[in-house]
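See structure below.
Basis for what follows: all heavy atoms, side chains included, without hydrogens, waters or symmetry-related copies.
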Amino acid sequence: MTEKDQKQLGKTLWAIADQLRGAMNADDFRDYMLAFLFLRYLSDNYEQAAKKELGRDYPDPNAIGNGGRSSLSVWYEQNAGDVSAFEKQMRLKAHYVIRPEHLWASIAHMARTQNGELLNTLQAGFKYIENESFQSTFSGLFSEINLGSEKLGKGYPERNAKLCTIITKIAEGLAEFSTDSDSLGDAYEYLIGQFAAGSGKKAGEFYTPQRISDILSAIVTLDSQEPKTGRRKHLANVMDFACGSGSLLLNVRKRMGPYGIGKIFGQEKNITTYNLARMNMLLHGVKDSEFEIYHGDTLTNDWDMLREINPAKKPQFDAVVANPPFSYRWDPNDSLSEDVRFKNYGLAPKSAADFAFLLHGFHFLKDDGVMAIILPHGVLFRGGAEERIRRKLLDDGHIDTIIGLPPNLFYSTGIPVCILVLKKCKRPDDVLFINASEAFERGKRQNYLSDEHIGRIIETYQQRPDSIERYARCVRMEEIEANEFNLNISRYVSTAEQEVEIDLSETHKELVKIEKQVRDSRVKHNAFLKELGLSPLPGADE
């Protein structure tokens, strides 16, 4: 499928969503829409794998004559004694099992025929996928999709009828396009972006704009010690501790290729978004054994895997990326001051957990790893506890690069943000400042970074030039110390154009010369006018 078709598929599905949701809140409808897209993806993948596994025994869908049932439902009926062995084999090959009655083809057929049991069948299908489809259970995957909600209708018949309409329309929309995993994955990403645009400030909870995601993923996949040498061949693992819908992690995977990362790790506090992330991983062809997304609070560190006390067994990551909530209010209690993540630096203030998020990710970074995190500009210059943390990070040589981005790039906030690149072992005794605040294109609702803008940021990070006028500069630690560890980007790289000095003496001579030329021309012109018997120009020299 071409990029144009992928975009069109996304637009088609968005138009369906816009048409069908009626009075329903966009966020609520998002969950239904994306769940059905996910079911379609799982079903397609499963049916292709089943066809391969069964070979000639796979019933021809065109010869069934059963009014829309899936081929697998026929095979199950005809081979009841072999079902158990078949499903065991499918768990090895496809990594999951879906019962024939829960496949998208069967659900779409029930919707088209207005089958009164659609809602019950869907509920049973979702429950089966959560608890039995995969070897690693995906419990609660559809917990936010309430098929019994009054938003779908007052009683069962109304809700069932509404679901029939929604699923039929989606099935019709999808039928126009080839729906390989990449296409459906991209359509899913497109819809998440569209729903984010409609959600305003709440969108920050689950969505990092694609272009900003491109910058972070490019940075963490380059060689950490020598970015000039290009991309790393392999990442053992990558972590996003505030992963939202998982798009940032998937962007890193896309850049590295499907076999370029050993395992993907993510953490997300919001239950709805956590489920979106798990679906998003599977939709992009990441097997359940290749990722682990944990539902929990990053700041209190309630993921057992990350609470390992033995330093030798502490999980560490080649790459850490994050777009945590900006200036999030938190409760840094006494026990947290002794937390191994914070005790060498101190606690971030109650009013802004920005540095708490940063220190959490940095704690789990490998010695030769790279971390890129999006934060508000306040972390660069605010005083108090934040100044102490910033100074310690600088003294220890951990802040590698600071990138200032333009304003109004996010759905959730218009403020300009920055990207901090951190390393535990960095070579240069300086900090690279990139001031990209004026490099953008204006959009109707958001500003936009072009390929050229992104390319320049990455190229500058990679080549680390001493200076690019009005854009970037490597600043020695002595200068930063002289500025009392204030990292405000404009202190080091100003985008202001220098005013051209005017030589008043030369300007005066030029004006006198011009004045004489005007006077001479006027006299000459009036001589012509006199010959023609016409009135002279006013103010002419006689």
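In the displayed structure, Asp334 atom CG is contacted under 6.0 Å by at most 12 heavy atoms of other residues, nucleotides or ligands. In the displayed structure, Lys424 atom NZ is contacted under 6.0 Å by more than 12 heavy atoms of other residues, nucleotides or ligands. By the neighbour-count criterion of 12 heavy atoms within 6.0 Å, atom CD1 of Ile309 is sparsely surrounded, having that number or fewer from other residues, nucleotides or ligands. Heavy-atom contacts from other residues, nucleotides or ligands closer than 6.0 Å to NZ of Lys254 number 12 or fewer. Summarising the local packing, CZ of Phe485 is surrounded by more than 12 heavy atoms from other residues, nucleotides or ligands at distances under 6.0 Å.
Nearest heavy atoms, Gly244 versus Thr273: C-CG2, 3.2 Å. Asp302 approaches Tyr294 most closely through the heavy-atom pair O-OH, 2.8 Å. Taking all atoms of both residues into account, the shortest heavy-atom contact from Lys343 to Ser337 is CB-O, 3.5 Å. Counting all heavy atoms, side chain and backbone alike, Phe355 lies closest to Ala348 at CB-CB, 4.1 Å. Here the closest non-hydrogen pair linking His363 and Lys314 is O-NZ, 2.9 Å. Scanning all heavy atoms of the two residues, the minimum distance from Leu432 to Pro465 falls at CD1-O, 4.3 Å.
Pro407 has its side chain out of reach of Ile415: every pair of non-hydrogen atoms, C-beta onward, lies at least 4.5 Å apart. Using a 4.5 Å cut-off on side-chain heavy atoms (C-beta onward), Leu449 and Ile215 make contact. Between Asp429 and Arg476 the shortest side-chain heavy-atom distance falls below 4.5 Å. Ser351 places a side-chain heavy atom less than 4.5 Å from the side chain of Arg329. The side-chain heavy atoms of Ile399 and Leu487, taken from C-beta on, include a pair separated by under 4.5 Å. Two residues are said to be in side-chain contact when any heavy atoms from C-beta on lie closer than 4.5 Å; Ile489 and Leu380 meet this criterion. Contact of the Pro406 side chain with the Glu438 side chain is not registered, since no non-hydrogen atoms from C-beta on lie closer than 4.5 Å. Side-chain contact check for Thr221 versus Leu235: some heavy-atom pair is nearer than 4.5 Å.
Not a single donor-acceptor pair under 3.5 Å links the side chain of Glu226 to the backbone N or O of Lys228. A donor-acceptor pair under 3.5 Å is absent between the side-chain atoms of Trp330 and the main chain of Asp354, judged by distance alone. Panel note: side chain Ser213, backbone Pro209; no donor-acceptor pair is recorded below 3.5 Å. With hydrogens and angles ignored, the 3.5 Å screen pairs no side-chain donor or acceptor of Lys233 with any backbone N or O of Gly260. Counting only distance, with no hydrogens or angles, the side chain of His398 and the backbone of Leu422 share no donor-acceptor pair below 3.5 Å. A donor-acceptor pair is defined here as one N or O able to donate and one able to accept, closer than 3.5 Å; no such pair exists between the side chain of Glu338 and the backbone of Ser335. Asp318 places no side-chain N or O within 3.5 Å of a backbone atom of Gly369 that could act as its donor or acceptor partner. Side-chain atoms of Arg341 come within 3.5 Å of backbone N or O of Leu299 as a donor-acceptor pair. Within the 3.5 Å criterion, the main-chain N or O of Leu248 finds no donor-acceptor partner in the side chain of Gln210. Side chain of Arg231 to backbone of Arg255: a donor-acceptor contact under 3.5 angstrom is found.
Ring geometry for Phe317 against Phe364 counts as perpendicular: the plane angle is over 60°, on a 0 to 90° scale with 30° as the lower cut. Between Phe142 and Phe38, the ring planes lie tilted relative to each other; the angle falls in the 30° to 60° range. The aromatic rings of Trp303 and Phe265 are tilted relative to each other, their planes meeting at an angle between 30° and 60°.
Atom CG in Leu347 sits 7.5 Å away from atom CD1 in Ile389 (nearest 0.5 Å). Taking CG from Asp331 and CG from Leu336, the interatomic distance works out to 8.0 Å, rounded to the nearest 0.5 Å. Considering CD of Glu481 and CZ of Arg391, their distance stands at 6.0 Å, rounded to 0.5 Å. Atom OG1 of Thr298 sits about 8.5 Å away from atom CG of Leu306, to the nearest 0.5 Å. Between the CG atom of Leu283 and the CG atom of Leu42 there is a distance of 7.0 Å, given to the nearest 0.5 Å. Distance check: Glu452 CD to Glu459 CD gives 12.0 Å after rounding to the nearest 0.5 Å.
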Item checked: Steps toward side chain to side chain contact (heavy atoms under 4.5 Å, CB included) verdict (Ser494, Arg470) -> CA-CA 6 Å; Ser494 173; Arg470 298 178 58 244; over 6 Å; no
Note to self: Evaluate Phe433 against Ile480 for side chain to side chain contact (heavy atoms under 4.5 Å, CB included), listing each step before the verdict.
What the structure shows: CA-CA 11 Å; Phe433 286 84; Ile480 291 171; 4.2 Å; yes
Note to self: side chain to side chain contact (heavy atoms under 4.5 Å, CB included), that's the test. Do Leu393 and Tyr345 meet it? Break it down for me.
What the structure shows: CA-CA 8 Å; Leu393 286 165; Tyr345 296 90; 3.6 Å; yes
Checklist line | Residue pair Arg464, Asp430: steps toward the salt bridge (charged side-chain N to carboxylate O under 4.0 Å, His left out) verdict | finding: CA-CA 10 Å; Arg464 207 175 184 89; Asp430 57 31; 3.0 Å; yes
Next item on the list: Check the pair Asp400, Val431 against side chain to side chain contact (heavy atoms under 4.5 Å, CB included), reporting the backbone distance first and the verdict last.
Entry: CA-CA 5 Å; Asp400 179 87; Val431 176; over 6 Å; no
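A cation-pi arrangement is absent between Lys263 and Phe291 under the rule of less than 6.0 angstrom and at most 45 degrees off the ring axis. A cation-pi contact links Arg456 to Tyr471, judged by a cut-off of 6.0 Å to the six-membered ring centre and 45° from its axis.
Between Lys366 and Asp368, none of the side-chain N atoms (NZ, or NE/NH1/NH2) sits under 4.0 Å from a carboxylate O, so this pair counts as no salt bridge. Contact check on Lys269 versus Asp297 returns a salt bridge, with a Lys/Arg side-chain nitrogen under 4.0 Å from an Asp/Glu carboxylate oxygen. Salt-bridge annotation for Asp214 and Arg211: present, with a side-chain N of the basic residue lying under 4.0 Å from a carboxylate O of the acidic one. Of the charged side-chain nitrogens involved, at least one lies within less than 4.0 Å of a carboxylate oxygen, so that Arg40 and Asp44 count as a salt-bridged pair. Using a 4.0 Å cut-off between a side-chain N of Lys or Arg and a carboxylate O of Asp or Glu, Arg232 and Asp223 do not qualify as a salt bridge. Under the 4.0 Å criterion applied to side-chain N and carboxylate O atoms, Glu484 and Arg491 are not assigned as salt-bridge partners.
Looking at Ser490 and Asn435, their side chains never bring a donor and an acceptor atom within 3.5 Å of each other. Under the 3.5 Å distance criterion, with hydrogens and angles disregarded, no donor-acceptor pair is assigned to the side chains of Tyr274 and Asn270. Donor-acceptor pairing under 3.5 Å is recorded for the side chains of Ser450 and His453. For the residue pair Asn275 and Arg278, a side-chain donor N or O sits within less than 3.5 Å of a side-chain acceptor on the partner.
Each of Arg388, Arg382, Arg390 was checked for a salt bridge (Lys or Arg N to Asp or Glu O under 4.0 Å) with Glu386, and the lone residue meeting it is Arg382.
Taking Asp31 as the reference, Glu144, Ile145, Thr272 meet the side-chain contact (heavy atoms from CB on, under 4.5 Å) condition, with sequence neighbours excluded.
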